[in-house]
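Everything below concerns the one structure shown next.
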Amino acid sequence: MTALGSLFLQAAFVENMPLTFFLGLCTFIALSRKTGPALGLGIAMIAVMGVTVPLNHLIYNALLAPGAWRWAGLPEIDLSYLKLIAFIGVIAATVQLLEMVLDRFFPAIYASFGVFLPLLTVQCAILGGSLFMVDRNYDLAESAVFGLGAGFGFAVAVVMLGAIRARLAYADLPNGLRGLGITFILAGMMSLGFSSFAQMVTS
Amino acid sequence: MAPRAGLLSILTEPLIRQNPVTLQILGICSALAVTTSVATALTMSAALTAVLVMSAALISLIRRHIPDSIRLIVQIVIVASLVIVIDQLLQAYLFEISQRLSVFVSLITTNCLVLGRTESFSRHNPPLRSMVDALGSGIGYSLVLTVIGSIRELFGAGSLLGWQVLPTVDQGGWYTPLNLMLLAPSAFFLLGGLVWAIRTVLPEQSEASEFLSPDEPEDRA
C-alpha cells in the first residue's frame, strides 16, 4: 500500500507531466486562460488517464508483449512495435465512450467539459502515460495508480496556472511578452517550484 | 495565408513569421523535452520533419477518399505507422540517441504540429503544395529546437554537438556549467524569452491584452 501511495505522489508531483516531462503542453497552455476550463480539463484528464493506462496495460500484456502468444503455440511472436497504433486506438475509443456515457447519463457534467474531451485523443500526456507504463514494467495495480496520479498532477498544475494567468489581468506587461511569452515563463517558475518535490519520494 | 500563395512563400512563411512553435503553439510538447543537447534536438527535428512531409504527401494523395467523419482516425493511423517506421530506423542506426530520446520519438504521433498541418492544409491541397508546406513547418520547428538546444548545451555543459567550446572547471578550464540549463525550468524560460524576442522584432505578432478588468467595457481591447 505504501509503495502504491508513493507511486501516486511520484506520478503526481515528482514526475509532473507538463512541468517536468513537457507532455501535454499544447492543451496545458491553450486551456489555462481561466480556472473554469482548466478545472474541466483537469477532471477529464484524471478520468481518461485513470482508464486508459490500465486498459493499455491489459492489452499490451495480453496481445502485444514479446511472448504474449505463447498459449497459441507461437512463443516467438513479438508485436510490441504495434503498441503505438493499439494505444492510440484505445485512447480514441475510450474518449469517445466517455463522451457518450457522460452525454447520456450526466448531461450537466458533459455540458461543462464536453468540448475538451475530443481534444484529449491527441494529448501527448495520455499517450505518454501509456508508453511510460510499458517502459517501466508496471503491473496492473501500479499502472492504475500511475494513471490516476499523473492525471491528478496534470489537473493540479493546469488549475494553478489558470489561477495565476487570471491574476495577470492586473499586470502591465511589455507587448511582446503578453500571452504566450509570459505563460512559458510562469510555467518555468512553476516547474522550478515542482522540482523541489523531487526529494519527497525516495525510490 | 493567401489561398494561391506561391510555393516559395509557402516554404518560407512558417520559418519565422508563421513559426509553428512560437506563434501557433503547435508541437511544443516534444520541443522542450529533447533540447538538452544539440544532437538530440537535431535528431528529433529530422524525425519530425520526415514524418511531417511523408504524412502530408500521403494524406494529400488520398484526401478525396477519406470520409469526413472518420478522417481523424485515418490521419492518426497514417501518422502512427510512419512514426513506427522512423522509430525502428533510429533504433537500428542511431541506437544511443534513440535511447536518449526514449518515448519522445513515439510521441511524434500525438504531436499537435503533425495533425495540425494535415488537418488544416494537406486535406485541401494537392501533394506538392502540402509537402512544401510540411517541409516549411518542419524547418521552422527545427530552427526553434536547434536554437534552444544550442543555448542549453552551450551553457549547461560548455559544449556544442559534443565538442568542448567552453573548457569546464572539471577539466581544468575556467567555465562553471550552469546546471539549471539542463533542468526542465530553463527550457520554459528560454522559449518564453525566444517568443518575447521574436515578438519584439515583429510587433504584429504580439497578442492583444487578453484580460479586461470586469468594470471596463468589453470593446476597449
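The chains referred to below are lettered A, B, ... by the order of the sequence lines, with proteins before strands, and numbering in each begins at 1. Values below: all heavy atoms of this structure, side chains included; hydrogens, waters and symmetry mates excluded. Just so we're clear, the structure is a prediction, and the values are computed from it rather than from any experiment.
Only the side chain of B/T109 comes within contact range of chain A, judged by heavy atoms closer than 4.5 Å. Interface residue A/M189: backbone and side-chain heavy atoms are both found under 4.5 Å from chain B. Residue contact with chain A, scored on non-hydrogen atoms closer than 4.5 Å, involves the side chain of B/A187 exclusively. In this structure, the portion of A/A92 lying under 4.5 Å from any heavy atom of chain B is its side chain and not its backbone.
The stretch residues 125-141 of chain A places A/L127, A/G128, A/L131, A/F132, A/D135 near chain B, each with some heavy atom under 4.5 Å from a heavy atom of that chain. Applying a 4.5 Å heavy-atom cutoff, the residues of residues 78-95 of chain B that approach chain A are B/A80, B/S81, B/V83, B/I84, B/Q88.
Counting all heavy atoms, side chain and backbone alike, B/L107 lies closest to A/C124 at CD2-O, 3.7 Å. When all heavy atoms are compared, the tightest approach of B/F189 to A/I185 is CE2-O, 3.4 Å.
When each of A/I88, A/I91, A/I29, A/T20 is scored by its heavy-atom pairs under 4.5 Å with chain B, the top score falls to A/I88.
Expressed to the nearest 0.5 Å, how far CG of B/L194 lies from CZ of A/F184 amounts to 9.5 Å. For the atom pair CD1 of B/I76 and CG of A/L84, the computed distance is 11.5 Å after rounding to the nearest 0.5 Å.
Aromatic rings from B/F188 and A/F22 are positioned such that their centres are separated by under 6.0 Å.
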